[in-house]
There are 2 protein chains.
Amino acid sequence: MARLAHGSQNEGRQRVLDFITMYINDNSVPPTIREIQAGAKISSTSMVSYYLKDLEKANMLDRYKRRSRGVVINDPGRVVARDMVSVPLVGVITCGAGPVPTPDADALRSADDRIQIARSLVKDTDDLFALIASGDSMIDALIHDGDIIIMKKETDVKNGELAAVFLTEKNESTLKRVYKEGKRLKLKPENPTLKPFYVDARFAQIQGRVMCVIRRA
Amino acid sequence: MARLAHGSQNEGRQRVLDFITMYINDNSVPPTIREIQAGAKISSTSMVSYYLKDLEKANMLDRYKRRSRGVVINDPGRVVARDMVSVPLVGVITCGAGPVPTPDADALRSADDRIQIARSLVKDTDDLFALIASGDSMIDALIHDGDIIIMKKETDVKNGELAAVFLTEKNESTLKRVYKEGKRLKLKPENPTLKPFYVDARFAQIQGRVMCVIRRA
DNA sequence: TTGACAATAGAACGCATGTTCGACTACAAT
DNA sequence: ATTGTAGTCGAACATGCGTTCTATTGTCAA
């Protein structure tokens with residue numbers, strides 16, 4: 001049977017762990033031993049040290065010895081900032097009713113709103129921007145009203161990539177899978193129940209590649 | 001005209017900034033003055049202090065005075081870990097060909113793969129899990145083969161919410177918007193070109209609510 | 001040339017901070 | 001009772017670390 005002395009030390013341990021988590025959230029820097037002592041209501045720094053050693057043994061946190069603020073929470077669900085990118089939200093896209101806006105470098109840097117996504121979803125993180133889809137005109141690209149579309153600015157794509165194509169004759173943009181077939185482009189809807197159609201390559205202009213689509217329910 | 005003394009101090013400033021960024025990425029803790037000195041090849045701690053004051057004035061970083069490691073990078077594109085959640089990826093969903101798996105708490109904690117998403121996309125972060133859509137059988141929910149579906153475990157939903165519904169008579173799950181109409185449920189496809197259909201509420205079981213759908217191109 | 005000032009160096013000051021140590025207490029097994 | 005061990009406390013020690021001070025040098029404007 002487990003031995004319990006004075007007050008169950010598990011309680012203090014948990015308080016320490018919780019406080020460190022909270023502190024990092026608030027300050028984006030881990031606390032010092034003495035800050036933990038005060039914040040988690042521990043009676044002495046040696047007790048904090050004691051709990052910390054315990055938590056480290058239980059693999060709940062890592063420590064850099066002798067470094068100030070050298071505690072790192074060890075949480076499998078923890079997100080590391082370097083795994084994420086922040087993409088500027090530059091506007092609304094009404095597919096089938098005009099061109100997709102293609103922002104310049106300045107617009108990308110100064111955007112007010114930003115969308116955070118995992119790096120693993122987009123691989124290459126350069127020249128990304130985000131658009132909000134508007135209207136139901138993009139059903140054939142399986143895109144819904146309000147969806148967030150993450151795009152990469154590009155003027156050419158490989159066969160079979162999903163891209164925003166500006167059709168000069170119609171003066172509108174559309175999202176389709178693009179295949180080059182000689183002097184013409186095959187534009188294939190994402191929806192397999194719909195037929196592809198073809199345009200003369202001279203009247204079609206690649207605006208960007210769709211990297212990711214995010215729908216909030 | 002700007003005055004340039006010895007070596008352009010802009011260079012040193014930049015080295016300091018870059019080093020801090022890198023250091024935080026590697027250690028998830030900001031560096032000390034002396035670590036910056038060594039890492040960014042600065043000749044003295046007072047020079048580091050000098051640069052730091054400069055960078056702070058230029059609003060490129062914030063400092064907590066007199067606190068050890070009290071530097072925080074000030075980057076609009078910087079992602080803060082607390083804004084993100086990590087969702088366990090628990091399986092594949094083949095809609096229209098069986099039930100959606102509903103994992104228990106253990107499965108959620110021990111999942112190998114995880115999907116990182118912004119908190120703002122899901123609001124409530126409890127009981128979330130992620131599924132990969134398989135096959136083209138979910139077109140009427142505007143969901144594509146390979147899409148990541150973020151779900152929240154729930155047994156009831158509000159009218160108009162998108163949910164996974166298990167149909168006991170067909171022994172399969174489907175993703176639809178759900179409306180309660182007396183003793184029956186109206187299940188409405190996301191695709192506005194498709195008609196809703198109705199089931200007896202006794203033969204339908206809510207499995208979870210769709211919080212978010214992510215498509216990688 | 002000279003005065004003003006940014007840029008630079010090195011060292012020292014002093015509080016911040018992790019660590020350690022000795023002593024003391026409560027509880028369980030012997 | 002004795003002994004061992006986990007839990008606890010307070011204080012002291014040794015660095016860690018931000019800050020500051022003085023002195024020096026290079027550059028530009030007057």
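Just so it is clear: chains get the letters A, B, ... in the order the sequence lines come, proteins before strands, and each one is counted from 1.
Atom CD of A:Gln37 is separated from atom P of D:dT8 by 14 Å (rounded to the nearest Å). Atom CE of A:Met47 is separated from atom P of C:dT17 by 21 Å (rounded to the nearest Å). Protein atom CZ of A:Arg13 is 12 Å distant from nucleotide atom P of D:dT8, rounded to whole Å. Rounding to whole angstrom units, CG of residue B:Leu52 and P of C:dA7 are separated by 15 Å.
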For nucleotides 14-22 of chain D, 5' to 3', base contacts (B), sugar-phosphate-only contacts (S) and non-contacts (-) with protein non-hydrogen atoms under 4.0 Å give ---BBBB--
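The residues B:Asp126 and B:Lys152 are annotated as not salt-bridged, no charged nitrogen and carboxylate oxygen being separated by less than 4.0 angstrom.
By the 6.0 Å contact criterion, NZ on A:Lys180 is enclosed, its count of non-hydrogen atoms from other residues, nucleotides or ligands being greater than 12.
OP1 or OP2 of D:dG7 has at least one side-chain nitrogen or oxygen of A:Tyr50 nearer than 4.0 Å. Under 4.0 angstrom from either OP1 or OP2 of D:dT8 there lies at least one side-chain N or O belonging to A:Tyr51.
A:Arg215 contributes no side-chain N or O that, together with a main-chain N or O of B:Cys212, makes up a donor-acceptor pair within less than 3.5 Å. With A:Thr32 contributing its side chain and A:Arg69 its backbone, the two residues share no donor-acceptor pair below 3.5 Å.
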Q.
Checking B:Lys176 against B:Glu161 for the salt bridge (Lys or Arg N to Asp or Glu O under 4.0 Å) test, could you report, in this order, the C-alpha distance in whole Å, the side-chain angles of both residues, the deciding distance, and whether it holds?
A. CA-CA 8 Å; B:Lys176 295 282 188 303; B:Glu161 286 184 334; over 6 Å; no
Check: residues 115-122 of chain B side-chain donor-acceptor pairs under 3.5 Å, at least two apart:
{"from": "B:Gln116", "atom 1": "OE1", "to": "B:Ser86", "atom 2": "OG", "distance (Å)": "3.3"}
{"from": "B:Arg119", "atom 1": "NH1", "to": "B:Arg82", "atom 2": "O", "distance (Å)": "2.7"}
{"from": "B:Arg119", "atom 1": "NH1", "to": "B:Met84", "atom 2": "O", "distance (Å)": "3.1"}

